[in-house]
Q: 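Handing you this structure, nothing more for now.
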Amino acid sequence: MLDIRTLRENPDAAKAKWASRGLDVDVQALLDLDDHRRQLITRVEELQQTRNSSSKEIGLRKKAGEDASEAMEAVRKIGDQISALDKEKTEATQALETQLMSLPNFPHASVPVGHSEADNPVIRSWGEKPEQAFEPKPHWVLAEALGIFEFERAATLSGAGFSCLTGAGARLSRALISFMLDLHTGEHGYTEVQPPFLVNDDALLGTGQLPKFAEELYRVPEDGLWLIPTAEVPLTNLYRDHIFAADELPRNLTGYTPCFRREAGAAGKMTRGMNRLHQFDKVEMVTFCKPADSYARLETLTGHAEAVLQKLGLHYRVITLCTGDIGFSSAKTYDIELWAPGQQAWLEVSSCSNFEDYQARRAKIRYRNENGKPELVHTLNGSGVALPRLLVAILEQCQQDDGSIVLPEILRPYMGGMERI
RNA sequence: GGAGAGGUGGCUGAGUGGUCGAAGGCACCGGAUUGCUAAUCCGGCGUACGCUUAUUUGUGUACCGAGGGUUCGAAUCCCUUCCUCUCCGCCA
């Protein structure tokens, strides 16, 4: 959520920033609503002041044994006015909040302007496409031959869009999770967290999935809970309503969780194999930091995700999402894509974003600045990284002409010394 | 699931209708004192929003888990709800 005050100060700039995301926002209507709301606040508070002083007087008079029935009647009438105006005030405040909650963040000045993913510039790449003197196979062909994924059997349990790893496939997934968590906690300074996988409305409002994207989420109506679409939700909301001491920042969390996404409207989009699933595993990184540090931190965080891929020796590239493609809550996002030679495609495995104070304002996450005053922190997060497509890339990049997979060396200790699947 | 207890400021802990944004203690910050340290003394010390204003300052309102009610007036009384703890039951 953005601060209404920034809209007041520079409505034209706000309109232009939203326009760069392809949104036409009636900023003036928001400001009118805000003005109305503030007038109501002033009137209500004036009446409350009168009521408070009158009530105090009534108390004193009664104590002195005097009659106060006339004053009591007058205050009762004020009370009725207050209730009516206060109701109006609450409605105006909620109306404004509802609208602000549904408006996306401003893109940072360094974000390239564009309309769609076609306009996202590639800013660097690492490694090389593997030299494969044979026709590289897609992972679903490899996996079936190796007997490590069970797509059809998963469908009998849960329908399309679910996978079931077996044998070395399951172990590889577990090995990758351990490897990534060890790397982030051991070398990158993150604290490991195992959060709940079910969360309430407030958590999802805090990070921006609600109110706009409810159709993307699985929910459990009986209990008012939702399955998390990413560990970002529980990790970021861990500090909802919290004020950090300045020396506690940056606070870096990492955690492994499954992620649940309905993927409504994604039918037909790269759904073959493990490219897109309703449930997948992911290791996530979340950072809370001082506003001045957040852009440097975004580079660091992205580097941490890249470190995973570099240590695995996988060919990838990094792109900057343009203004037209950037996520709802984000001010700037880098996507990391792995090369999948069996599909001749780049697969997104990580998305690293700086949300500035957008989530912090919604979730009320603050720190005490140099003046001792509470100030919103900046939040960042990045996948570090998502499992299914990482498995896909390992299978497709590391496949041999006989269909076997030579495992990256760094994973072998996690695989009980196995070198090849 | 059943029975009971409780949710107050960074922590602890008073407060059962008015002068309570809330005693006391701890922690923290500033100052004084003291060869040093410790101790002592004085002062300060919540958050949000509105108005004011030079983002100084001032002032007002709200907030004692959340929501509603009673009342001239609610931390305090009533209702609903959430959460925590203890015991019992069940259970990985």
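Here is how names work: the chains are called A, B, and so on, in the same order as the sequence lines, proteins then strands, and each is numbered from 1.
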Q: Would you say A:Asn52 places a side-chain N or O within less than 4.0 Å of OP1 or OP2 belonging to B:rA62?
A: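 Affirmative; the distance criterion is met.
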Q: Once you round it to whole Å, what is the distance between P of B:rU55 and CD of A:Glu9?
A: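 These atoms are roughly 11 Å apart.
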Q: With both distances under 3.5 angstrom, what nucleotide forms a Watson-Crick or G-U wobble pair with B:rU37?
A: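 Per the H-bond distance test, none.
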Q: Just how far, in rounded Å, is P of B:rU47 from OH of A:Tyr367?
A: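 Rounded to whole Å, this separation is 14 Å.
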Q: Taking any strand in view, what nucleotide pairs with B:rA74 in a Watson-Crick or G-U wobble way, both distances under 3.5 Å?
A: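 Pair assignment: B:rA74 / none.
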Q: Choosing from B:rG18, B:rC51, B:rC49, which nucleotide comes nearest the side chain of A:Arg37?
A: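 Nearest to the side-chain atoms of A:Arg37, counting from C-beta on, is B:rC49.
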Q: In terms of side-chain heavy atoms of A:Glu45, which of B:rC72, B:rC51, B:rG60 is nearest?
A: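 From the listed options, B:rG60 comes nearest.
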Q: Counting heavy atoms from C-beta on, name the nucleotide in B:rC72, B:rG50, B:rU47 closest to the side chain of A:Thr42.
A: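 Nearest to the side-chain atoms of A:Thr42, counting from C-beta on, is B:rG50.
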Q: Among A:Asn275, A:Val392, A:Leu395, find the residue that satisfies the side chain to side chain contact (heavy atoms under 4.5 Å, CB included) test when tested with A:Trp140.
A: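 Between A:Trp140 and the candidates, side chain to side chain contact (heavy atoms under 4.5 Å, CB included) is satisfied uniquely by A:Asn275.
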Q: Could you state the NZ-P distance from A:Lys364 to B:rA66, rounded to the nearest angstrom?
A: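 The distance from NZ of A:Lys364 to P of B:rA66 comes to 12 Å, rounded to the nearest Å.
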Q: So does A:Arg76 pair up with A:Glu73, basic N to acidic O under 4.0 Å?
A: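 Here A:Arg76 pairs with A:Glu73 in a salt bridge, since their nearest N and O are under 4.0 Å apart.
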Q: Rounded to whole angstrom, note down the C1' distance from B:rA22 over to B:rA14.
A: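 Their C1' atoms lie roughly 10 Å apart.
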Q: Which of these, A:Gln397, A:His139, A:Gln399, sits in a side chain to side chain contact (heavy atoms under 4.5 Å, CB included) with A:Ile405?
A: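 Among A:Gln397, A:His139, A:Gln399, the one that satisfies the side chain to side chain contact (heavy atoms under 4.5 Å, CB included) with A:Ile405 is A:Gln399.
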Q: Which nucleotide, in any strand shown, forms a Watson-Crick or G-U wobble pair with B:rU47, with both distances under 3.5 Å?
A: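 Partner of B:rU47: B:rA62.
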Q: Pairing check on B:rG21: which nucleotide meets the Watson-Crick or G-U wobble criteria with it, both distances under 3.5 Å?
A: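 Answer to the pairing question: none, since B:rG21 forms no Watson-Crick or G-U pair.
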Q: Over all strands shown, is A:Arg368 touching base, sugar-phosphate only, or nothing at heavy-atom distances under 4.0 angstrom?
A: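 Sugar-phosphate only.
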Q: Determine the Euclidean distance between corresponding C1' atoms of B:rG13 and B:rC72; express it in Å to zero decimal places.
A: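 To the nearest whole Å, 32 Å.
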Q: Would you say A:Asn237's side chain and A:Val233's backbone share a donor-acceptor pair under 3.5 angstrom?
A: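 Flag set: sc A:Asn237 to bb A:Val233 pair under 3.5 Å.
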Q: Using the P atom as the reference point in each nucleotide, state the distance between B:rG2 and B:rG17 in Å, no decimals.
A: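 That atom pair is separated by 34 Å.
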Q: Is A:Glu91 atom CD crowded by more than 12 heavy atoms from other residues, nucleotides or ligands, each under 6.0 Å away?
A: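 Yes.
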Q: For the C1' atoms, the ones on B:rC28 and on B:rC85, what distance do you get once it is rounded to whole angstrom?
A: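 Here B:rC28 and B:rC85 have their C1' atoms 30 Å from each other.
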Q: Starting from P on B:rU71, measure out to CD on A:Glu57 and report it in whole angstrom.
A: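 Going from CD in A:Glu57 over to P in B:rU71 covers 22 Å.
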Q: Once you round it to whole Å, what is the distance between C1' of B:rU61 and CZ of A:Arg38?
A: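 Interatomic distance, CZ of A:Arg38 to C1' of B:rU61: 16 Å.
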Q: Could you tell me which nucleotide pairs with B:rC85 by Watson-Crick or G-U wobble geometry, both distances under 3.5 Å, or answer none if nothing does?
A: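 Because both required distances fall under 3.5 Å, B:rC85 counts as paired with B:rG4.
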Q: Whole angstroms only, please: what is the CG-P distance between A:Asp86 and B:rG67?
A: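 Value for this atom pair: 12 Å.
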Q: Which nucleotide wins on minimum distance to the side chain of A:Arg366, given the candidates B:rC72, B:rU47, B:rU61?
A: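 Ranking B:rC72, B:rU47, B:rU61 by closest atom to the A:Arg366 side chain puts B:rU47 first.
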Q: With rounding to the closest Å, how many angstrom separate the C1' atoms on B:rC88 and B:rA27?
A: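 One C1' to the other, the span is 40 Å.
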Q: Using purine N1 to pyrimidine N3 plus N6-O4 or O6-N4 for Watson-Crick, or N1-O2 and O6-N3 for G-U wobble, both under 3.5 Å, which nucleotide pairs with B:rC91?
A: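 Check on B:rC91: unpaired, no WC or wobble geometry under 3.5 Å.
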Q: If I take atom CG in residue A:Asn200 and atom C1' in nucleotide B:rC82, what distance separates them, rounded to the nearest angstrom?
A: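 Distance check: A:Asn200 CG to B:rC82 C1' gives 11 Å.
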Q: Please tell me which of the listed nucleotides, B:rC51, B:rU61, B:rG73, lies nearest to the side chain of A:Gln48?
A: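 Between B:rC51, B:rU61, B:rG73, the one nearest the side chain of A:Gln48 would be B:rU61.
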Q: Closer to the 5' end of RNA chain B via nearest nucleotide, is it A:Arg51 or A:Val44?
A: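 Nearest nucleotide further toward 5': that of A:Val44.
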Q: Mind checking the P distance from B:rG4 to B:rG9? Whole angstroms is fine.
A: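 Each nucleotide's P atom is 27 Å from the other's.
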Q: Hey, is A:Asp293 close enough to A:Arg297 for a salt bridge, meaning N to O under 4.0 Å?
A: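 Here A:Asp293 does not pair with A:Arg297 in a salt bridge, since their nearest N and O are not under 4.0 Å apart.
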Q: For A:Glu46 and for A:Ile243, locate the closest nucleotide of RNA chain B by heavy-atom distance; then report the residue assigned to the nucleotide nearer the 5' terminus.
A: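 The residue mapped nearer the 5' terminus is A:Ile243.
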Q: Using a 6.0 Å cut-off, check whether atom CD of A:Gln48 has over 12 heavy atoms from anything other than its own residue.
A: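 Yes, the 6.0 Å shell around CD holds more than 12 heavy atoms from other groups.
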Q: For atom C1', what is the distance between B:rC45 and B:rG30, given to the nearest Å?
A: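 Going atom to atom, C1' in each nucleotide, I get 10 Å.
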Q: Counting any heavy atom closer than 4.0 Å, what does A:Ser54 reach on the DNA or RNA strands: base, sugar-phosphate only, or nothing?
A: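 The residue A:Ser54 makes no contact with any strand.
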Q: In whole angstrom, give me the gap between the P atoms of B:rG15 and B:rU71.
A: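 Result for the P pair: 28 Å, nearest Å.
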Q: Please state how far atom CG in A:Asp67 lies from atom C1' in B:rC72, giving the value in whole angstrom units.
A: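 A:Asp67 atom CG is separated from B:rC72 atom C1' by 12 Å.
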Q: Looking across every strand, which nucleic acid part, if any, lies under 4.0 Å from A:Arg61 by heavy atom: base, sugar-phosphate, or nothing?
A: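 Answer is nothing: A:Arg61 stays at 4.0 Å or more from every strand.
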Q: Looking at the side chain of A:Gln49, which of B:rC72, B:rC49, B:rG60 is the nearest nucleotide?
A: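 Within the option list, the nearest is B:rG60.
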Q: With respect to A:Asn105, which candidate in A:Trp18, A:Tyr358, A:Phe328 satisfies the side chain to side chain contact (heavy atoms under 4.5 Å, CB included) definition?
A: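 Single side chain to side chain contact (heavy atoms under 4.5 Å, CB included) partner of A:Asn105 among A:Trp18, A:Tyr358, A:Phe328: A:Tyr358.
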Q: Indicate, with a heavy-atom threshold strictly under 4.0 Å, whether A:Ile41 touches base, sugar-phosphate, or nothing.
A: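 Touches sugar-phosphate only.
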Q: Quick one: look up who B:rC26 pairs with, Watson-Crick or G-U, both distances under 3.5 Å, and put none if it's unpaired.
A: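 When the pairing criteria are applied, B:rG10 turns out to be the nucleotide that pairs with B:rC26.
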